[in-house]
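Below, chain A is the first sequence line, B the second, and so on; all start at residue 1. All of these numbers come straight from a predicted model, not from anything done at the bench.
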2 protein chains.
Amino acid sequence: MNATRAKLMAAAVAVLRDEGMAGLSARTVAARAGVNQALVFYHFTTLNGLVDEACRQTVDDSVEFYRTRFAAVDSLVELLHAGRELHERERAAGNVALMAQLLSGAQRDDVLGDAARYAMATWNREIEVVVRRVLATSPLVGIADPAGLARAVSASFLGLELYEGVDREGALAALDALEQLGVLVEVVDDLGPVASRALRARMRRTRRGR
Amino acid sequence: MNATRAKLMAAAVAVLRDEGMAGLSARTVAARAGVNQALVFYHFTTLNGLVDEACRQTVDDSVEFYRTRFAAVDSLVELLHAGRELHERERAAGNVALMAQLLSGAQRDDVLGDAARYAMATWNREIEVVVRRVLATSPLVGIADPAGLARAVSASFLGLELYEGVDREGALAALDALEQLGVLVEVVDDLGPVASRALRARMRRTRRGR
DNA sequence: GTCTATAAGATGATAGAC
DNA sequence: GTCTATCATCTTATAGAC
């Protein structure tokens with residue numbers, strides 16, 4: 001694979017992480033890559049074309065990295081631990097900030113829109129498999145919706161990352177509170193069969209009541 | 001109050017909602033307001049100054065609108081209903097999209113950063129009061145953190161709104177799944193005193209174990 | 001493939017007429 | 001307060017030399 005292409009894609013990701021969509025231009029990216037600005041258009045036709053490819057590859061790499069880790073998860077406790085580890089690691093790598101900026105820019109541009117849809121779908125597909133497997137042995141099976149939960153989790157992480165950009169302490173407090181709620185689900189998960197049955201009956205009733 | 005000032009502020013909010021930060025410029029805002037571009041700088045000194053004032057006022061107005069509504073909430077069931085109503089209404093008004101774009105732009109600009117901090121703090125303050133009051137009569141009192149939960153809720157809504165911009169169906173599925181989990185908390189809330197005590201003891205143990 | 005040079009246009013912001 | 005006209009700077013993108 002071409003070395004300049006790779007340098008430009010890495011630089012595009014770096015600029016989006018550090019400066020956001022507002023700081024992105026063919027010139028800022030090229031300067032970061034240490035190459036000439038015209039090469040952006042030679043290799044990727046348009047600036048958004050570069051962002052598109054760069055984001056897709058970043059997501060593919062991340063998801064690939066976690067595939068084996070996810071495969072080992074088969075209980076809610078393990079899922080909470082894996083989720084925390086994933087979040088810490090992705091955050092440190094700046095990948096969540098990257099996604100947030102991509103989604104933000106995607107509201108206006110169709111190319112970025114496709115890239116954003118691809119990124120979210122790739123993550124959601126992976127998360128949904130794990131959530132589905134974990135829920136299978138939980139009292140919540142048949143009640144909770146794995147596809148919806150997977151989407152809620154990834155979207156919430158995005159929002160938390162945006163928030164962290166302006167208020168780090170507040171975002172950390174939010175994460176702790178969510179982990180707390182995760183523990184609640186964990187406790188429910190550990191209920192005996194009688195309590196489980198009662199809970200499920202109660203939730204079915206509440207659902208119908210809405 | 002000056003009419004042109006008001007028109008420019010309304011136009012800035014409209015542009016941010018419909019086109020995002022990427023579509024914002026003194027010219028696009030002025031065109032939308034039906035006034036000359038130079039007036040942005042006459043009235044607000046800089047473009048970000050205009051965005052700053054416009055966002056602050058929008059947040060103040062929204063929070064003010066919900067203050068009486070929130071004051072009537074004193075149970076988890078009511079909180080879930082009020083939250084759903086608030087979300088629908090704010091989403092329809094485009095205020096969540098506005099916040100998401102503000103937060104996105106705030107990663108790079110200090111003026112927008114201040115505005116974003118103000119907006120989040122204003123919402124969080126209001127939500128936290130309600131969460132605290134509701135938790136007071138819940139088995140989760142002393143376990144769940146109202147300040148953290150308030151921040152988690154507002155940040156998650158932001159992420160969901162960004163996600164909805166690229167995948168409407170996915171975002172709606174996520175919202176439904178979250179409402180489902182809300183029902184779970186509601187069920188816990190309705191436990192009798194014996195079950196409550198058992199749950200709290202169990203959660204304390206789990207917390208220490210971490 | 002990579003560079004320089006440059007076109008064609010958008011941007012924030014200001015000066016000055018009215 | 002509002003306008004026109006303008007500056008300096010930045011943008012994406014291309015043409016053509018090497």
Salt-bridge test for B:Asp60 and B:Arg56: reply yes if a basic N is under 4.0 Å from a carboxylate O, no otherwise. no
Within residues 15-30 of chain B, the residues having a heavy atom closer than 4.0 Å to DNA chain C are B:Ser25, B:Ala26, B:Arg27
In Å, rounded to the nearest 0.5 Å, how long is the span from NE2 of B:His81 to CD of B:Glu179? 8.0 Å
From the list B:Val131, B:Val130, B:Leu80, side chain to side chain contact (heavy atoms under 4.5 Å, CB included) with B:Val73 holds only for B:Val130
Which whole-number value in Å describes the distance from A:Phe44 CZ to D:dT14 P? 16 Å
Which heavy-atom pair separates B:Gln101 from A:Ser104 by the least distance, and what is that distance? NE2-O, 3.3 Å
To check you understand the geometry: which heavy-atom pair defines the closest contact between B:Val111 and B:Asp109, and what is its length? N-OD1, 2.9 Å
In whole angstroms, the gap separating C1' of C:dC3 from NZ of A:Lys7 amounts to 14 Å
Give me the atom names and distance for the closest heavy-atom approach of B:Ser154 to B:Ile127. CB-CD1, 4.4 Å
Reference residue B:Leu16; test side chain to side chain contact (heavy atoms under 4.5 Å, CB included); the match among B:Val29, B:Thr58, B:Leu98: B:Leu98
Close approaches to DNA chain C from residues 33-42 of chain B, in residue order (heavy atom, under 4.0 Å): B:Gln37, B:Ala38, B:Phe41
Stretch residues 46-58 of chain B: residues that reach within less than 4.0 Å of DNA chain C through a heavy atom: B:Thr46, B:Leu47
CD (A:Glu85) and CZ (A:Arg69) are apart, to the nearest 0.5 Å, by 4.0 Å
